[in-house]
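As structure tokens, the structure follows; a few thoughts come after it.
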Amino acid sequence: MYSKELVRRQAADIAAAVPETLTQFRCSVCRGVFGSSAELQSHYAVEHPGAVPPAIIRLKLNGCLCEALIEPYWTLQRALQFRFGLTGAKHMCNRGACGSCTVIMDGRAVLACMTLAIECEGKEIQTVEGIAADTKWRPLVESYCRWDAMQCGYCTPGFLVSAKALLDKNPNPTEDECREALSGNICICGTYPRHATAILEAALKIAKGA
Amino acid sequence: MADLAGVNGQREQFRVVGQRNLPGKLSYALATGVAKFGIDYVLPDMLHAKFLRSPYANARVKSVDIAKAKDIPGVADIVTWEDEDIKALNNFGESNDSRRPWLDNIADQEGAEVAVIVVAESEDICEEALRLLDVEWEVLPHVVNLLEGRKEDAPVIRPQVRDAPMFGAPSAGGPTNPPKRGNVAYANMTSGDMDAGFAAADHIIEYDLYMPAFASLLPNPSGSVAWWFDDPYYSEGGKSLHIEGAVKDKNAISMMYRLPPEKTVQEGLFMGGKYCDWGRRKSQEITPLLAKRTGRPVRCVNTREEMFDVIMKQRYIHLKVGFTDDGLITAVDDFSIADGGAWGSSSFGNVGDMTLGPYNTLKCHNINQHMEIVDSNRYLMYISGQHCPFNWDSITVALHMIAEKLGKDPIDIARLNLHGPTSKDDPDPVPSFEACVKKGKDLMNWNWHPSGTKKLPDGRYHGMSFRYQMCPRHSFSSYSCKLEFRDGEVHMPTQGPLFGVYAVECNAMVVAEELGLEYDDVKIDFDYREPFTPLGGGSDGTTASAWAMKECANILKKQILEAAIEYAENPPMPGAVSPQPGPFKGLTADDLDIIGGRVVLKSDPSQGVPIREAAFTSELLAITDFDSQGVPVREAAQKNLFATFYGHPPLSLWATGEMGKRLDTMNTAYCEVAVDIEMGEVEILRFGVAADPGKVMRPISLESQIDQVMFFSQGCQLLEDFVFDERTGVKLNNNMIEYKKPCILDVPRVDREFLETRAGNAAYGANGISHSLANTHLVIIAIHNAIGVWVDPPATPDKILKALGKA
Ligand code: FES
Ligand code: FES
């Protein structure tokens with residue numbers, strides 16, 4: 001159960017299962033389903049004039065082009081969880097203080113709880129599921145597991161994404177650079193001393209193409 | 001005292017136990033985001049629920065009009081405390097006080113769930129509906145300042161009786177607890193002769209200690225999603241319940257909803273960090289009812305702010321300690337004022353201190369403990385004590401103050417006062433303590449100096465501190481172990497969901513050790529229906545459950561060996577496809593062993609068969625194939641074996657009241673700080689831990705547990721405190737921006753050394769380390785050692801400067 005191989009396949013499946021094109025447009029107030037965005041908009045105008053209708057966002061999520069209907073005030077974390085089935089970006093503080101919801105957007109680590117989903121239109125986003133599914137990053141996941149850089153594991157995906165964002169920019173970091181890169185991530189279980197060890201080991205393996 | 005009662009408790013050779021870098025069985029799922037916690041579940045067609053939360057610290061809902069809220073499009077249901085469905089809910093949570101209805105109209109902390117639950121198509125609609133409720137509040141006087149709340153003229157915030165708090169029974173022959181007065185309940189214990197104790201003292205010191213409220217912050221805000229379904233296996237009695245996120249035990253939810261256990265499903269394994277917080281939140285209990293009422297899945301989750309719970313209670317302590325010129329303690333008078341919290345708060349960490357405490361580790365018999373537990377409107381504490389259980393800090397500070405007063409090393413003072421290994425009257429040294437101290441001194445280059453006497457080259461003052469604790473024995477209750485030898489493989493069925501502790505890995509390591517297998521050979525089958533769970537007591541519980549699993553593994557081993565002999569005695573009929581039996585005819589199980597995954601002769605381990613092929617029977621299975629001549633091929637049947645064991649290692653000191661009176665495994669912790677007296681800044685240069693968990697089972701988990709408690713300690717001594725607006729009783733920093741936890745750049749080095757005295761009662765003489773390292777004053781004492789003044793935790797720069805008279 002939850003073996004290395006199974007988890008990798010599951011992560012890949014989750015990452016690939018994002019909705020490609022919207023076929024149904026559902027009213028968030030009354031659950032009515034419509035065939036097009038225009039129909040949904042006019043339904044709102046008539047039936048729920050006080051409510052703000054959902055909007056469409058299109059993203060390149062873990063390499064897949066996809067779209068979803070979101071509430072315009074939703075954060076990216078919420079959109080990932082509720083519309084794209086991606087729960088790796090965790091909700092811990094919801095205020096930009098813990099890094100548990102970290103994703104990579106256009107090459108930069110960003111906090112999904114502090115980013116409005118609607119502002120991500122057209123962006124390229126990578127989540128922990130996408131990283132886990134990518135063979136290049138297997139050594140990072142494996143080092144994290146070998147070094148037990150987790151206890152309850154709730155904060156861990158956020159750390160792993162921050163670590164990946166670091167290695168993207170700096171494939172050969174020092175221990176201090178690892179700590180600096182992870183300084184926005186809080187681990188309440190206190191796993192801090194293991195992260196740099198895991199990242200440095202992974203960096204070596206990735207460099208060797210292991 | 002070592003693991004003498006169990007099989008192989010004295011084992012000397014370890015192949016698997018003690019190995020590093022064996023990945024956790026769930027680590028891949030956790031690291032990759034595949035692991036789902038309660039808050040993560042999203043179901044199609046799901047509704048959302050939210051509670052009305054009190055804006056007041058103490059208030060009563062006199063009436064509520066839900067008409068406007070109900071009319072909002074998207075609202076599916078609104079229930080109030082007066083609804084029969086709500087009244088019918090049972091309250092099974094730990095409660096220190098008289099029982100309350102599951103939901104009522106009283107809110108006794110700001111943010112308390114009260115009176116109304118709204119169910120709607122989205123959380124946003126829930127919130128809008130909550131805003132449109134017409135609530136008539138009766139605002140009541142509140143207590144968030146314990147020192148005010150204990151005064152005779154303070155408003156009484158809760159009328160119910162609390163004369164005999166849990167864990168707080170008066171000692172035999174001791175004074176009885178006076179009846180509750182105002183907001184204050186009492187827990188008193190006395191032993192020995194206080195007057196004689198103080199009369200025998202050459203010195204008497206008195207001092208005050210403060211412990212801030214410490215938010216453990218369970219990393220994943222609680223929440224659940226529930227739905228009802230037709231279960232073809234258990235169709236009688238209507239629909240079955242599926243709930244995710246109820247974590248600890250779905251059986252409590254079964255009880256709450258009066259369902260047989262088999263009609264409640266919870267498959268998710270991941271429960272997040274718990275840190276000894278065993279309480280279920282309302283958001284984890286209400287979804288089944290709401291799902292039943294609406295006929296749709298319902299999700300209810302807390303926000304971070306709604307779940308900023310406290311795990312260590314605020315406490316004020318005044319200690320009076322008498323001691324001789326040598327430093328021998330003759331009497332301790334301990335008075336404390338502890339937060340009783342909101343209605344229903346756990347009493348753990350309050351009066352439990354009285355009976356399980358470090359005072360039991362002292363030679364001194366003359367101890368008076370007097371605790372006032374003050375009802376407050378601060379927070380509901382689900383359980384408390386992980387962080388600083390049982391008043392260790394009082395003793396740690398006392399030893400340091402005696403040392404300072406006499407100009408002696410606190411380690412020597414501790415040694416003088418610690419009783420021997422067997423009882424309070426045992427004058428012998430404690431071997432585990434001596435071993436830890438020796439290692440610890442080397443680790444830290446320990447060279448104690450009196451307060452304010454050592455300056456570092458950069459001009460900052462150097463301080464150091466030490467404290468000892470025992471590694472407790474945590475085998476409270478029995479473990480229901482089961483191991484299966486199925487199709488040639490060993491399976492360890494275990495229940496989820498799991499905490500953030502690698503307990504099950506330790507169990508698997510022990511099973512592999514005993515069965516001559518590798519760690520990966522033991523398959524862990526997570527199944528919520530299984531009874532075995534290694535939980536309870538962190539690493540202590542882990543070692544205790546590992547002891548039980550060790551016994552079970554040896555029962556299975558015997559069965560496998562006997563099956564191998566039986567197979568050798570009764571080989572299958574010729575023509576069957578079957579492995580060759582081993583050369584075991586005429587032997588007994590005692591003649592065999594399992595080594596390197598093979599069942600072998602003890603007398604000649606080169607002779608044997610792989611374990612996978614050891615246990616077949618003479619029975620033949622149905623035709624499975626035809627050979628090239630068309631002759632049917634029949635395979636021999638593999639024998640499946642099941643071993644069970646129910647029990648726990650002997651001598652659970654918690655249960656026998658012996659905690660602290662026997663000292664087998666100990667641990668010591670050290671801290672070194674540098675204090676800048678111009679800026680008031682404290683840098684922890686390093687923590688050191690020399691610990692004897694008896695036997696190190698899974699080193700990397702042990703290290704991780706130590707890091708965790710050291711960083712918890714750092715947080716509450718330098719950064720963390722729960723702040724209230726006393727005028728309104730409102731919480732001022734229940735979020736992760738204003739309540740700061742240490743980050744990776746804040747935490748210091750933690751140097752660790754482990755000893756293996758094998759003196760514990762659990763598997764192979766292990767005891768675990770669990771709570772025992774947590775403390776609130778290790779850093780504070782080091783600061784005192786640096787600058788010679790006391791600073792209450794959290795020791796922020798402004799407080800340091802103030803204590804130095806500079807601000
Ligand atoms: S949840 Fe986004 S930073 Fe904490
Ligand atoms: S592993 Fe639990 S919060 Fe980091």
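First the proteins, then the strands, lettered A, B, ... as listed; each starts at 1.
Between chain B and the options A/Ser183, A/Cys145, A/Gly190, A/Pro157, heavy-atom pairs under 4.5 Å are most frequent for A/Cys145. Contacts with chain A were tallied for B/Arg299, B/Arg20, B/Glu128; B/Arg299 has the most, counting heavy-atom pairs under 4.5 Å. In terms of heavy-atom pairs under 4.5 Å with chain A, the best-connected choice from B/Gly715, B/Pro742, B/Ser122 is B/Pro742. Ranking A/Arg194, A/Arg8, A/Glu129, A/Glu47 against chain B, the residue ahead of the rest is A/Arg194, based on heavy-atom pairs under 4.5 Å. Chosen from A/Lys90, A/Arg26, A/Arg146, A/Arg31, the residue pairing most often with chain B at heavy-atom distances under 4.5 Å is A/Arg31. Among B/Leu22, B/Ile125, B/Asp45, the residue making the largest number of heavy-atom pairs under 4.5 Å with chain A is B/Asp45. Put simply, of A/Glu180, A/His195, A/Glu142, A/Arg78, the one with the most heavy-atom pairs under 4.5 Å next to chain B is A/Arg78. Highest contact tally toward chain B, considering only A/Val29, A/Leu182, A/Thr156, is held by A/Val29 [criterion: heavy-atom pairs under 4.5 Å]. Of all the listed residues (B/Lys740, B/Lys523, B/Arg749, B/Arg296), the one sharing the greatest number of non-hydrogen pairs under 4.5 Å with chain A is B/Arg296. Chosen from B/Asn21, B/Val301, B/Val42, the residue pairing most often with chain A at heavy-atom distances under 4.5 Å is B/Asn21.
Taking the ring axis of B/Tyr519 as reference, the NZ or CZ atom of B/Lys25 stays within 45° of it and closer than 6.0 Å to the ring centre. B/Lys36 forms a cation-pi arrangement with B/Tyr41, by the criterion of a distance under 6.0 Å to the ring centre and an angle within 45° of the ring axis.
If you measure heavy-atom distances from A/Cys93 to chain B, the contacts under 4.5 Å come from both the backbone and the side chain. Of the atoms belonging to B/Ile700, heavy atoms from both backbone and side chain fall under 4.5 Å from chain A. In this structure, the portion of B/Ala35 lying under 4.5 Å from any heavy atom of chain A is its backbone and not its side chain. Heavy-atom distances place the side chain of A/Ile186, and not its backbone, under 4.5 Å from chain B. For B/Glu305, the part lying near chain A is the side chain, with the backbone staying farther off; criterion is any non-hydrogen pair under 4.5 Å. Only the side chain of B/Asn735 comes within contact range of chain A, judged by heavy atoms closer than 4.5 Å. With a 4.5 angstrom heavy-atom cutoff, B/Met307 does not touch chain A via any of its atoms.
Ring planes of A/Phe82 and A/Trp74: tilted class, angle from 30 to 60°. In this structure, A/His43 and A/His48 have perpendicular ring planes: the angle between them is above 60°, well past the 30° mark.
Side-chain atoms of B/Gln714 and B/Asp746 include no donor-acceptor pair closer than 3.5 Å. Side-chain N/O atoms of B/Glu505 and B/Ser701 include no donor and acceptor closer than 3.5 Å. Of the N and O atoms on the side chains of B/Asp707 and A/Thr191, not one donor lies less than 3.5 Å from an acceptor on the other residue.
With hydrogens and angles ignored, the 3.5 Å screen pairs a side-chain donor or acceptor of A/Asn185 with a backbone N or O of A/Gly99.
No salt bridge links A/Lys136 with A/Asp134; every basic N to acidic carboxylate O contact stays at or beyond 4.0 Å. Classification of A/Glu175 and A/Arg179 as a salt-bridged pair fails, no side-chain N sitting under 4.0 Å from a carboxylate O.
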Apply side chain to side chain contact (heavy atoms under 4.5 Å, CB included) to A/Phe159 and A/Met150, showing your working.
CA-CA 10 Å; A/Phe159 273 92; A/Met150 67 200 83; over 6 Å; no
